[in-house]
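I have placed the structure first, in the form of structure tokens, so that the comments after it can refer back to it.
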Number of protein chains: 4
Amino acid sequence: MKSEKKFSRRAEARPDELLDAAMAVFAEQGFAGAKMEDIARRAGVSKGTVYLYFASKEALIEGIIQRAVAPIASGALPQLAAFEGDPRLPITMLLKTIAGLLSDPAKLAIPRLFLREGMNIPGMADIYRRDVLDKAMPVLTGLVERGVASGHLRAVDPDLTVRSIVGPLIAHVALSEIFGIRPEDGLALDRLIDNHIDILFGGLAAERSDGTP
Amino acid sequence: MKSEKKFSRRAEARPDELLDAAMAVFAEQGFAGAKMEDIARRAGVSKGTVYLYFASKEALIEGIIQRAVAPIASGALPQLAAFEGDPRLPITMLLKTIAGLLSDPAKLAIPRLFLREGMNIPGMADIYRRDVLDKAMPVLTGLVERGVASGHLRAVDPDLTVRSIVGPLIAHVALSEIFGIRPEDGLALDRLIDNHIDILFGGLAAERSDGTP
Amino acid sequence: MKSEKKFSRRAEARPDELLDAAMAVFAEQGFAGAKMEDIARRAGVSKGTVYLYFASKEALIEGIIQRAVAPIASGALPQLAAFEGDPRLPITMLLKTIAGLLSDPAKLAIPRLFLREGMNIPGMADIYRRDVLDKAMPVLTGLVERGVASGHLRAVDPDLTVRSIVGPLIAHVALSEIFGIRPEDGLALDRLIDNHIDILFGGLAAERSDGTP
Amino acid sequence: MKSEKKFSRRAEARPDELLDAAMAVFAEQGFAGAKMEDIARRAGVSKGTVYLYFASKEALIEGIIQRAVAPIASGALPQLAAFEGDPRLPITMLLKTIAGLLSDPAKLAIPRLFLREGMNIPGMADIYRRDVLDKAMPVLTGLVERGVASGHLRAVDPDLTVRSIVGPLIAHVALSEIFGIRPEDGLALDRLIDNHIDILFGGLAAERSDGTP
DNA sequence: CATGAATGAGATTTCATTCAT
DNA sequence: AATGAATGAAATCTCATTCAT
């Protein structure tokens, strides 16, 4: 007859709270450097409780990935996949959308974590391959393919071109990881994207009034 | 007659041998996952010997960085800095040279390691900033600046443009890290660069004979 | 049915149990020679558990000191400080009390440990200075001072005299340390104190009925 | 035929130089804390050379002890042993001589080292017992015995009285070890001895001309 | 004689995981 | 469901000692 639990003890919110806490600690300390104790404390529970929901430290990082990657498939991807017409529009939108997301340090932390821990966590590569390479890439490639087919784009290799399109964004994440760039650079990212789109679609070379490249 | 010396006494070669071994083990296991024992064994010495030359695990990674970064400053950079004329030539050469280097897995491992351990190692960021950001970037930026001034390039922001130029290469390293891409992709990298240069200088958009952007 | 618990969960008793075990091992092996493993085993726990309560080996010895020194201040000292009258009485009592304590090998081990590890442990000197020199010494010095003032004692330097009073006791601890004297000497200590008190108050010289000092 | 050694490479001075260096390092770092490397460097030789003269770290400390203790037996002891007459004179001289020695930090370091490492070094106790307890103590005890027999001293227990005589000196060494007292206290030691001798021979109690004990 | 590079057992400390409560 | 005390394997680093030169 000690204390009467008012409601449910919020058991369903726990996994998400734990992933949030884990994300924060991983971002700060890296995977190897993160202590279960810290994660538990940040989530406001005890060490033992973490194990009630996640079987191991690795299960935590897999949970983070799953949660972050899941919405992508059901989000913008289908729209992009279905798009018809000049692909420069969706490409621009996509780049700006991603840039917007990456301006939020909390969101930037996720790909930075992926980058940092990359192959360290067994199974990480598979998740990536399954959810990113095999789902997202074909959509972008298809966009370029249709652009080339429809005459909106020059005759380029779609696979390789996708890398030129998203390269600077990935590089931005990589460099922000390496140099620990902080929030105030959000603006710079916008300008980076503008400049990149400009070059991407217009080329770096000056006038080609003569006709040939 | 294989000479059964218990140890071999090669004080001068040791630091390099140890850095080679450390590099290999770090590339395989990551910094945190690498055991001093493994590094020692791969170098063919005992644990203690490693500490004879490097005071700690961190001193090893710093040694690797120093050794890798040093030649850059005295190598291609001065030539690029002095270049006059159409910058597309040196940019093309630079990208192809780097691509050539990155085709060698042993060389690719170095930037991959930098990427992976990025901010984990204290002092790493400083080395990067000093040797890469402050030395290499101004040279590239200057190249674009002079190209714009001489009319060879369109009027773009030099700083941001440099990122569009090297972005796909950094992204390649990052992705090769994440997906553990192996040697056989060397060829793909060549084609990636060709395609990238094509887009970079010519733009992604089809003919603009009508004059529209 | 001896209850086969893998571990026993006794958070409150642990620190004391660990200090007891540490004390015993330090006394046997010295500070440097004592292994955390041994201390843990003697306390009936695992290595890790020791670190749950004490952050390091040095924290253990500091804990021992604190625990041993604390009661002194709140014990006999105030009584001695307040004493009025012939100081020979409290001095005799003090010496006999201490001698009584030192007859117990377990208690003797503490000052022996202090002696042995003296300045090795950083912070040890401060604790000593704070708790012994600055607290206990002034009380004894005051006792002699008041004895001199009240005419019960000859006109001697109180500070230096205190050393003559306690010197043989400290020497006893020192010698017991050096020669590893064991319990059976308990009796000898009593006789040592009696003899010392006799000389201390009566002097070593024979009759001075002639009046000379 | 490289270089021609001029003379003998001073092989005979080596052991003493090594003991000096070892003494200095032991005094600073304690036995366990002293590194062979440090001892070698301070002696101006290489690690290997130390092992040419002393088989182990323990052999070094034994050498120190032997060298320090040897002169005592052949020095003042015989004179004291043969002394006839009022023992207060030789006792005073002895205390003042020892006090003089202990004022020299280099000499004080030796008994401090003995104290500190006491029983840690196997065989230490034996050396002590043989050279100090069995040689020096009987001489002092005999001095007191003859003093009592000749009526110069009161009827005290000679063995225990010797401890009251030398106690403060040993305590001084012990305390100087514990509190790290430094050279400038040399003077204080002189006054300590004077005060001690005063009490020792005259007693602490005020006038007893009335005849009371 | 002298050197100092090399060895490797061993010590401290950390932390993911378990489990009695 | 939740706790947190306890575990113990594992990792880094130290240093007395050896021995080829």
Query raised in the report: In Å and rounded to the nearest 0.5 Å, what is the CD1 to CG distance from A:Ile64 to A:Asp20?
Result: 8.5 Å
When the distance from [atom1] of [X] to [atom2] of [N] is rounded to whole Å, what number comes out?
{"X": "D:Lys57", "N": "F:dC15", "atom1": "NZ", "atom2": "P", "result": "8 Å"}
{"X": "B:Gln29", "N": "F:dA11", "atom1": "CD", "atom2": "C1'", "result": "14 Å"}
{"X": "B:Glu58", "N": "F:dA11", "atom1": "CD", "atom2": "P", "result": "17 Å"}
{"X": "B:Ile61", "N": "F:dT12", "atom1": "CD1", "atom2": "C1'", "result": "16 Å"}
{"X": "D:Glu37", "N": "E:dT7", "atom1": "CD", "atom2": "C1'", "result": "15 Å"}
{"X": "A:Lys35", "N": "E:dT14", "atom1": "NZ", "atom2": "C1'", "result": "8 Å"}
{"X": "B:Phe54", "N": "E:dA5", "atom1": "CZ", "atom2": "C1'", "result": "15 Å"}
{"X": "B:Phe26", "N": "F:dA11", "atom1": "CZ", "atom2": "C1'", "result": "13 Å"}

Requested in this report: May I ask you to test the A:Leu18-A:Pro15 pair for a side-chain heavy-atom distance under 4.5 Å?
Outcome: no
Report task. Using a cut-off of strictly less than 4.0 Å between a heavy atom of the residue and any atom of DNA chain E, enumerate the qualifying residues of residues 38-52 of chain C by number. Result -> C:Lys47, C:Tyr51
Does this structure show an ion pair linking [X] with [Y], if we count only N-O contacts that are shorter than 4.0 Å?
{"X": "B:Arg67", "Y": "B:Glu62", "value": "no"}
{"X": "D:Lys47", "Y": "D:Asp38", "value": "no"}
{"X": "B:Glu17", "Y": "B:Arg42", "value": "no"}

Requested in this report: Start with the C-alpha distance between D:Val45 and D:Leu52, add both sets of side-chain angles, then the distance that settles side chain to side chain contact (heavy atoms under 4.5 Å, CB included), and finish with yes or no.
Outcome: CA-CA 11 Å; D:Val45 299; D:Leu52 238 38; over 6 Å; no
Report task. Taking Watson-Crick and G-U wobble pairs with both distances under 3.5 Å, convert DNA chain F into its dot-bracket string, 5' to 3', dots for unpaired and | for cross-strand pairs. Result -> .||||||||||||||||||||
**Report entry** CA sep, side-chain torsions, deciding dist, call: A:Val50, A:Leu60, side chain to side chain contact (heavy atoms under 4.5 Å, CB included)
**Finding:** CA-CA 9 Å; A:Val50 180; A:Leu60 272 173; 4.1 Å; yes
Query - Any donor-acceptor N/O pair, D:Lys57 side chain to D:Met36 backbone, under 3.5 Å - result: no
Query raised in the report: So what does B:Ala34 touch, heavy atoms closer than 4.0 Å: a base, only the sugar-phosphate, or nothing?
Result: sugar-phosphate
Query - side chain to side chain contact (heavy atoms under 4.5 Å, CB included) between C:Ile65 and C:Leu113, intermediate numbers included - result: CA-CA 9 Å; C:Ile65 296 170; C:Leu113 178 62; over 6 Å; no
